[in-house]
Engineer: 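What follows is a single structure, and I will ask about it in a moment.
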Amino acid sequence: QVRLRESGGGSVQVGGSLRLSCEASGFPYNRGCMGWFRQAPGKEREAVAAIGSADTSGYADSVKGRFTISKDNAKNTLYLLMNSLKPEDTSIYYCAAVATGVYCDAPTLNKYEYAHWGQGTQVTVSS
């Protein structure tokens with residue numbers, strides 16, 4: 001059974017930093033596209049960042065230069081380091097996986113390609 005569990009969310013002031021973690025289990029973690037998405041109240045879920053099997057990565061324009069996605073295959077954990085946080089970054093952040101056991105050479109930011117999702121972790125940025 002595929003399981004994704006996020007942690008690390010919280011409240012931070014504008015300009016601050018947070019690091020989100022996503023522990024994965026139930027599939028060969030070192031293969032497959034992984035990503036972070038977010039959803040604010042009343043808005044659609046949107047892509048934040050994605051990473052492929054060879055650590056190639058992609059980012060939404062709104063977070064480029066501020067957020068960094070990474071993964072530790074030995075720990076089966078995906079990370080999202082968020083710097084220079086803004087009020088508009090306030091959302092529930094979700095970890096997601098495209099498929100299990102399929103090599104990912106081009107990380108995708110298309111949410112419809114992701115089959116597995118975590119429960120989410122709240123990030124609140126206040127001024």
Side-chain angles (χ1 to χ4, degrees):
Q1 181 180 356
V2 175
R3 182 178 179 184
L4 302 171
R5 185 173 64 182
E6 303 93 338
S7 63
S11 297
V12 65
Q13 292 190 327
V14 170
S17 299
L18 282 174
R19 189 180 78 160
L20 306 182
S21 300
C22 172
E23 292 184 49
S25 61
F27 67 101
Y29 180 74
N30 60 335
R31 301 177 72 84
C33 293
M34 300 284 295
W36 287 99
F37 293 77
R38 66 187 182 186
Q39 188 168 17
K43 295 187 177 181
E44 288 193 7
R45 190 168 298 188
E46 63 178 9
V48 175
I51 191 166
S53 299
D55 290 348
T56 52
S57 58
Y59 296 90
D61 288 343
S62 59
V63 306
K64 280 181 181 177
R66 299 189 298 123
F67 291 11
T68 303
I69 189 171
S70 63
K71 58 186 174 77
D72 185 331
N73 292 333
K75 296 182 178 179
N76 280 11
T77 301
L78 180 72
Y79 301 101
L80 183 69
L81 176 61
M82 305 184 294
N83 294 322
S84 303
L85 282 162
K86 305 175 181 180
E88 52 263 44
D89 295 319
T90 296
S91 282
I92 298 175
Y93 283 72
Y94 298 90
C95 168
V98 168
T100 59
V102 177
Y103 189 84
C104 172
D105 56 4
T108 177
L109 294 175
N110 184 348
K111 62 185 176 183
Y112 298 108
E113 296 190 38
Y114 286 79
H116 307 286
W117 295 85
Q119 294 299 306
T121 185
Q122 176 71 45
V123 172
T124 303
V125 184
S126 58
S127 56

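Just so it is clear, the values below take in all heavy atoms, side chains as well, and ignore hydrogens, waters and symmetry mates.
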Engineer: Flag yes if Met82 and Val12 sit in one hydrophobic cluster, no otherwise; membership is Ile, Leu, Val, Met, Phe, Trp, Tyr, and two members link when side-chain heavy atoms are under 4.5 Å apart.
Structural biologist: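 Per the 4.5 Å side-chain linkage, Met82 and Val12 are co-clustered.
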Engineer: So which heavy atom on Val48 is nearest to which on Phe67, and how close?
Structural biologist: CG1-CD2, 3.6 Å
Engineer: Please answer whether the main-chain N or O of Cys95 pairs with a side-chain N or O of Glu6 as donor and acceptor at a distance below 3.5 Å.
Structural biologist: yes
Engineer: Do Ile51 and Trp36 have side chains that approach each other closer than 4.5 Å (heavy atoms only, starting at C-beta)?
Structural biologist: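 No, too far: nothing below the 4.5 Å cut-off.
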Engineer: Look up atom OG in Ser53 and atom NZ in Lys71, then write down how far apart they are to the nearest 0.5 Å.
Structural biologist: 6.0 Å
Engineer: Which heavy atom in Pro107 sits nearest to a heavy atom in Gly58, and how many Å separate them?
Structural biologist: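 Heavy-atom minimum between the residues: CG-N, 4.2 Å.
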Engineer: Please give me the minimum heavy-atom distance between Cys33 and Ala106, naming the atom from each residue.
Structural biologist: SG-O, 3.8 Å
Engineer: State, to 0.1 Å, how close Ala49 and Leu80 come at their nearest heavy-atom pair, and which atoms those are.
Structural biologist: CB-CD1, 4.3 Å
Engineer: How long is the straight-line distance from CG of Asp55 back to CG of Asn73, given to the nearest 0.5 Å?
Structural biologist: 6.5 Å
Engineer: Quick check on the hydrophobic clustering: are Val14 and Val63 connected, directly or via other members, by side-chain heavy-atom contacts under 4.5 Å?
Structural biologist: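 Val14 and Val63: one cluster.
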Engineer: Quick check: are there more than 12 heavy atoms from other residues, nucleotides or ligands sitting under 6.0 Å from CD of Gln122?
Structural biologist: yes
Engineer: Search all heavy atoms of Gly32 against all heavy atoms of Cys104 and return the closest pair with its distance.
Structural biologist: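 Gly32 and Cys104 have their closest heavy atoms at C-CB, 3.4 Å.
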Engineer: Do any side-chain atoms of residues 84-94 form donor-acceptor pairs under 3.5 angstrom with protein atoms, and if so which ones, sequence neighbours left out?
Structural biologist:
{"from": "Asp89", "atom 1": "OD1", "to": "Arg38", "atom 2": "NH1", "distance (Å)": "2.9"}
{"from": "Asp89", "atom 1": "OD1", "to": "Arg66", "atom 2": "NH2", "distance (Å)": "3.0"}
{"from": "Asp89", "atom 1": "OD2", "to": "Arg66", "atom 2": "NH1", "distance (Å)": "2.8"}
{"from": "Asp89", "atom 1": "OD2", "to": "Arg66", "atom 2": "NH2", "distance (Å)": "3.4"}
{"from": "Asp89", "atom 1": "OD2", "to": "Lys86", "atom 2": "N", "distance (Å)": "2.8"}
{"from": "Thr90", "atom 1": "OG1", "to": "Pro87", "atom 2": "O", "distance (Å)": "2.9"}
{"from": "Thr90", "atom 1": "OG1", "to": "Val125", "atom 2": "N", "distance (Å)": "2.9"}
{"from": "Thr90", "atom 1": "OG1", "to": "Val125", "atom 2": "O", "distance (Å)": "3.4"}
{"from": "Tyr93", "atom 1": "OH", "to": "Arg38", "atom 2": "NH1", "distance (Å)": "2.9"}
{"from": "Tyr93", "atom 1": "OH", "to": "Asp89", "atom 2": "O", "distance (Å)": "2.6"}

Engineer: Could you give the distance from OG1 (Thr108) to OH (Tyr114), rounded to the nearest 0.5 Å?
Structural biologist: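 Output value for this atom pair is 5.5 Å.
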Engineer: Please tell me if the side chains of Leu109 and Phe37 come closer than 4.5 Å, counting only heavy atoms from C-beta onward.
Structural biologist: no
Engineer: State, to 0.1 Å, how close Leu4 and Ala96 come at their nearest heavy-atom pair, and which atoms those are.
Structural biologist: CD1-CA, 3.8 Å
Engineer: Would you give me the side-chain donor-acceptor pairs under 3.5 Å for residues 15-27, sequence neighbours excluded?
Structural biologist:
{"from": "Ser17", "atom 1": "OG", "to": "Asn83", "atom 2": "OD1", "distance (Å)": "2.8"}

Engineer: When rounded to the nearest 0.5 angstrom, what is the spacing between CG in Asp72 and CG in Leu78?
Structural biologist: 10.5 Å
Engineer: Please report the interatomic distance NZ(Lys111) to CD(Glu46), rounded to the nearest 0.5 Å.
Structural biologist: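 That separation rounds to 9.0 Å.
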Engineer: Roughly how far, to the nearest 0.5 Å, is the OH atom of Tyr112 from the CZ atom of Arg45?
Structural biologist: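 Interatomic distance, Arg45 CZ to Tyr112 OH, rounded to 0.5 Å: 10.5 Å.
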